[in-house]
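We name chains A, B, ... by the order of the sequence lines, and we start the count at 1 in each one. Bear in mind that the values here come from a model prediction, so they are computed numbers and not experimental data.
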Protein chains: 2
Amino acid sequence: MRTLYTTSTRTAIVDLLKRDPRYLTATAIYRILRDDNPRLALSTVYRTLELLAELGNVSFRTESNGETSYVFCTDEHHHHAICSVCGHVDEVDCAAIDQFKSALMAQQSFELDDHSIEFYGRCARCR
Amino acid sequence: MRTLYTTSTRTAIVDLLKRDPRYLTATAIYRILRDDNPRLALSTVYRTLELLAELGNVSFRTESNGETSYVFCTDEHHHHAICSVCGHVDEVDCAAIDQFKSALMAQQSFELDDHSIEFYGRCARCR
DNA sequence: CTAGATGCAAACTCTTTGCATTGCC
DNA sequence: GGCAATGCAAAGAGTTTGCATCTAG
């Protein structure tokens, strides 16, 4: 198995993602971190984000403009509650989804394997 | 307000989308329709899909490779059950979502405004 | 006839890749 | 020292745009 090095760039990206619990694009991350490291390359940001996604430490989604954005998160199956005011992202479990399964089967004989859910609203601070 | 013309290209695209209830990319649509109309331009397909999306007759999503794909659907709020075998897309209402609201509020004081859901599984024919 | 639609080609944006260099372990 | 990571530049892929031409109404 490939050995992973702990580099300052990787640490900086992970720290930023942990500190800022919102969906950030590669370019946004690049712009922020370039202040401290002017030689940072956008391609490095992309490669690191790809790595973090493989490791399950980051999940991503596609914005309406087609850009991909990333959040730090756990590896377990869960969903995101996204604040439409500040962009804050919280994880939500999906216990209640089980109730869908039977309804869906009965309604149109569809056998549920997986699901993808995002919730939008206002977080505790923005309400 | 702008006047919309009914052109053969638009009719062909709408017909194809109605006939094939799966998420199709612009390029896929282009390839299929080019057989009957060799002078068809990919940009026309994009422009038509954009128009249909504005009119609420089409919804779209982003595939894992970054491509956008489109399905014909109703304008009302609903979700899609996507067959992982044949790609068939069915609409699903979201009555059961209401049960989430109270749970979500109690759990982490998040006020739910909207949600985006996709289900994956096997449709009646592919089970 | 006229505003809207189309084809074609060029431009754009985001993302990926090749390769020489640098740096972690 | 050796393999992994990075910077830089160039290439890719999907999508959008400008403009002359064509066409529905």
Side-chain angles (χ1 to χ4, degrees), chain A residues 1-18 22-72 87, chain B residues 1-18 22-72 87:
Chain A
M1 177 167 169
R2 189 177 47 156
T3 309
L4 293 180
Y5 291 171
T6 303
T7 67
S8 59
T9 299
R10 286 186 176 166
T11 305
I13 292 178
V14 170
D15 284 352
L16 173 59
L17 287 171
K18 278 186 178 169
R22 295 177 301 163
Y23 274 97
L24 298 174
T25 63
T27 307
I29 294 168
Y30 170 66
R31 289 204 183 114
I32 294 169
L33 298 183
R34 200 177 36 178
D35 289 345
D36 288 326
N37 176 12
R39 297 198 50 197
L40 177 65
L42 184 54
S43 57
T44 302
V45 176
Y46 274 110
R47 281 191 270 234
T48 303
L49 290 170
E50 185 187 16
L51 175 66
L52 291 173
E54 278 170 24
L55 297 176
N57 290 320
V58 136
S59 85
F60 50 89
R61 67 185 204 122
T62 306
E63 303 298 329
S64 51
N65 68 355
E67 264 187 296
T68 307
S69 53
Y70 305 79
V71 246
F72 194 84
Chain B
M1 176 168 172
R2 188 176 48 153
T3 309
L4 294 180
Y5 290 172
T6 303
T7 67
S8 58
T9 299
R10 288 186 176 167
T11 304
I13 291 177
V14 170
D15 284 353
L16 172 59
L17 288 171
K18 279 186 177 169
R22 296 177 302 163
Y23 274 97
L24 298 174
T25 63
T27 306
I29 294 167
Y30 170 66
R31 289 203 184 114
I32 294 168
L33 298 183
R34 199 177 37 176
D35 290 344
D36 288 328
N37 176 13
R39 296 200 49 197
L40 176 65
L42 185 53
S43 57
T44 303
V45 176
Y46 276 110
R47 282 192 269 234
T48 303
L49 289 170
E50 185 187 18
L51 175 67
L52 290 173
E54 278 170 24
L55 297 176
N57 291 320
V58 136
S59 84
F60 50 89
R61 68 187 202 122
T62 307
E63 304 297 329
S64 50
N65 68 356
E67 263 187 298
T68 307
S69 54
Y70 305 80
V71 246
F72 194 84

Of R39(B) and T3(B), the one whose closest nucleotide on DNA chain C sits nearer the 5' end is T3(B)
- request: Ignoring hydrogens and angles, state whether a donor on the side chain of E63(A) or N65(A) is under 3.5 Å from an acceptor on the partner side chain.
  value: no
| task | Give R47(A) one of three labels, base, sugar-phosphate or nothing, depending on what nucleic acid heavy atoms sit under 4.0 Å from its own. | result | base
Here the distance between atom P of dA11(D) and atom OH of Y46(A), to the nearest Å, is 19 Å
For F60(B) and T68(B) the tightest heavy-atom approach is CB-CG2, 3.9 Å
* **dG7(D) phosphate, OP1 or OP2, under 4.0 Å from N37(A) side-chain N/O** => yes
Here the distance between atom C1' of dT16(C) and atom CD of E54(A), to the nearest Å, is 14 Å
Atom OH of Y5(A) and atom C1' of dC24(C) are separated, to the nearest Å, by 6 Å
Note: L17(A) and Y70(A) closest approach over all heavy atoms is CD2-O, 4.0 Å
Exercise. So what does T6(B) hit on the nucleic acid, given a heavy-atom distance under 4.0 Å: a base, only sugar-phosphate, or nothing?
Worked result: sugar-phosphate
Whole-Å distance, L4(B) CG to dT6(C) P, equals 11 Å
Here the distance between atom P of dT16(C) and atom CD of E67(A), to the nearest Å, is 12 Å
Taken to the nearest whole Å, CD/E50(B) to P/dA5(C) is 12 Å
Here the distance between atom C1' of dG14(D) and atom OH of Y30(B), to the nearest Å, is 14 Å
Scanning both residues in full, the closest heavy-atom pair of V14(A) with F72(A) reads CG1-CE1, 4.0 Å
**Message:** A cation-pi test, strictly: NZ or CZ of R61(A) under 6.0 Å from the centre of the six-membered ring of Y23(A) and no more than 45 degrees from its axis. Yes or no?
**Reply:** yes
* Asked: Distance check: side-chain N/O of R2(A) vs OP1/OP2 of dA4(D), anything under 4.0 Å?
  -> no
By the 4.0 Å heavy-atom rule, please label T27(B) as base, sugar-phosphate, or nothing.
nothing
From CZ of R34(B) across to P of dC8(C) the rounded distance in Å is 11 Å
| task | Establish, with yes or no, whether the OP1 or OP2 oxygen of dA5(C) is under 4.0 angstrom from a side-chain nitrogen or oxygen of T44(B). | result | no
The residue, N65(B) or L51(A), whose nearest nucleotide of DNA chain D is more 5′ is L51(A)
Need one value for T68(A): base, sugar-phosphate or nothing, where a base atom within 4.0 Å counts as base even if backbone is also close, heavy atoms only. sugar-phosphate
(request) Check whether any side-chain nitrogen or oxygen of S43(A) sits under 4.0 Å from OP1 or OP2 of dC8(D), and answer yes or no. (result) no
